Amino acid sequence: MATAQNRKQKSAPGEIDIPQLRRRLLRWYDRNRRDLPWRSDNPDPYAVWLSEMMLQQTQTATVAPYYAAFLQAYPDVFALAAAPRGDVLAMWAGQGYYRRAHNLHDTAKIVAEELDGVFPNTVDGLMKLPGVGRYSAGAIASIAYDVCAPILDGNVKRVLSRVFAIEQSQSDPQTIATLWGISGKIIPRKRCGDFNQAMMDLGATVCTPKVPKCDTCPFKKICIANNRGLTDVIPPARQRRIPTRLDLTALVVEANGYVLLHRRADSGLWAGMWELPNVEANGKSIDDVCEAILPATIRKSLGKLSKSRGVQHQLTHRSVRFKVFRGSCKKVRLPKTFQWARADDTLPLPKAFQKVLSAV
DNA sequence: AAGCCGGGGGT
DNA sequence: ACCCCAGGCTT
């Protein structure tokens, strides 16, 4: 009798031997775990939190050097809380998603000033911190405190979709709810941090989006997608969006070794970061551009501008093209939203502007 | 529910 | 060229 109940059971956790899944995964992890800088037998919640903020939508290889630099500059939450915002942003420059850097600093202050420097050890407590959602809270709680909280990131989504043959779109809220449910169901009572990290390692190194290495997978025998030859169609491809074009004219204004920077708004693209003065091109003349984005004091002493070669920069949702002009002037006093930066310093600039600067 | 927010590793 | 990455937040 093919009742709805029976059909539901077919791809429900009931079909998988959960204790066996746990044993297989932890045994695999003991032999094959990645050696990552933030891993430790005695985890420091601050270091775990720091790594998780950096790892949001960012691969481990990209994070590693930033993580090392942050931990050296700010060995504990009090050091980070005491740092000027500009220093934190400058160290984050190049990593993208700059809102994370603001949240990082805000959270450090909250923990240092209101929580005696101690990170919460519950999912609810952690989720009150800016930039910490359900995934990050579960990851920090389980890894730093061995609390048995589930996680669901891109890796775990993919692994669970395949093992339990969840065929629906990964972005469907219903599917996400189902996957959270499974993640909570399979997490063991012990070694929860290891278990969660093992799921992510498996997704990153074995259960990959393309050409998964099913022959070396600890779930080879129990994975429904593998048993039915469905690993190519689970999870289904998401529809991708076309980046929109953004044409900017940027100015490189120098004054004996310094370059003129402007501070961006606290929200939106490159939030709170610094930029080379720029504006949407829209057919503007160079005089119009200067009028639009330069303080009057600069314009007065600015020599003739020369055109440099253009720069192209790709974002996930934007395709940015820069026209670049270069000129020099006196090192005059500036409004607060501008600053003179030494051209040879590590500048608090997003990659796009680093690229423009290195091109001239 | 959908859009926004960066940059890069891997293929 | 195209996939997606230890997601969170706003509208």
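Scope of the values below: all heavy atoms of this structure, side chains included, with no hydrogens, waters or symmetry mates. Given the structure is predicted, the values throughout are model-derived calculations rather than measurements. Chain naming here is simple, since letters A, B, ... match the order of the sequence lines and numbering starts at 1 in each.
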Would you tabulate the pairs of protein nitrogen or oxygen atoms and nucleotide nitrogen or oxygen atoms of nucleotides 4-7 of chain B closer than 3.5 angstrom?
unit_1, atom_1, unit_2, atom_2, d
B/dC5, OP1, A/Leu269, N, 3.4
B/dC5, OP2, A/His317, NE2, 3.2
B/dC5, OP2, A/Arg318, NH2, 3.3
B/dC5, N3, A/Tyr97, OH, 3.3
B/dG6, OP1, A/Tyr97, N, 3.1
B/dG6, OP1, A/Tyr98, N, 2.9
B/dG6, OP2, A/Trp270, N, 2.3
B/dG6, O4', A/Tyr97, N, 3.1
B/dG6, N7, A/Thr316, OG1, 2.7
B/dG6, O6, A/Tyr97, OH, 3.0
B/dG6, N1, A/Gln57, O, 3.1
B/dG6, N2, A/Gln57, O, 3.3
B/dG6, N2, A/Thr58, OG1, 3.0
B/dG7, OP1, A/Tyr98, OH, 2.8
B/dG7, OP1, A/Lys351, N, 2.7
B/dG7, OP2, A/Trp270, NE1, 3.3
B/dG7, OP2, A/His313, NE2, 2.9
B/dG7, N7, A/Thr316, OG1, 3.3
B/dG7, O6, A/Thr316, OG1, 3.0

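In the region residues 34-45 of chain A, proximity to DNA chain B at under 4.0 angstrom, judged on heavy atoms, holds for none of the residues. Of the residues in residues 104-115 of chain A, not one comes within less than 4.0 Å of DNA chain B through any heavy atom. Applying a 4.0 Å cut-off to non-hydrogen atoms, none of the residues of residues 198-208 of chain A approaches DNA chain B.
Between A/Phe195 and A/Tyr29, the ring center distance fails the sub-6.0 Å criterion.
The partner of C/dC3 is B/dG9, judged by Watson-Crick or G-U wobble contacts that both fall below 3.5 Å.
Screening A/Leu294, A/Leu302, A/Val252 against A/Leu260 for a side chain to side chain contact (heavy atoms under 4.5 Å, CB included) leaves a single residue, A/Leu294.
Contacts of A/Ser136 with the nucleic acid, taken as non-hydrogen atoms under 4.0 Å apart, involve only primed sugar atoms and P, OP1 or OP2.
One finds no side-chain N or O of A/Arg238 lying less than 4.0 angstrom from the OP1 or OP2 phosphate oxygen of C/dC2.
Looking at which nucleotide of DNA chain C each of A/Leu152 and A/Pro236 is closest to, the 5′-most match is held by A/Pro236.
The side chain to side chain donor-acceptor pair (under 3.5 Å) test applied to A/Ser161 returns A/Gln170, not counting sequence neighbours.
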Throw together a table of side-chain donor-acceptor distances under 3.5 angstrom for residues 104-114 of chain A, partners on residues two or more places apart or in other chains.
unit_1, atom_1, unit_2, atom_2, d
A/His105, ND1, A/Arg85, NE, 2.8
A/His105, NE2, A/Leu80, O, 3.4
A/His105, NE2, A/Ala83, O, 2.8
A/Asp106, OD1, A/Arg85, NH2, 2.6
A/Thr107, OG1, A/Asn103, O, 3.0
A/Thr107, OG1, A/Pro130, O, 3.1

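A 6.0 Å sphere centred on CD of A/Gln174 holds no more than 12 heavy atoms belonging to other residues, nucleotides or ligands.
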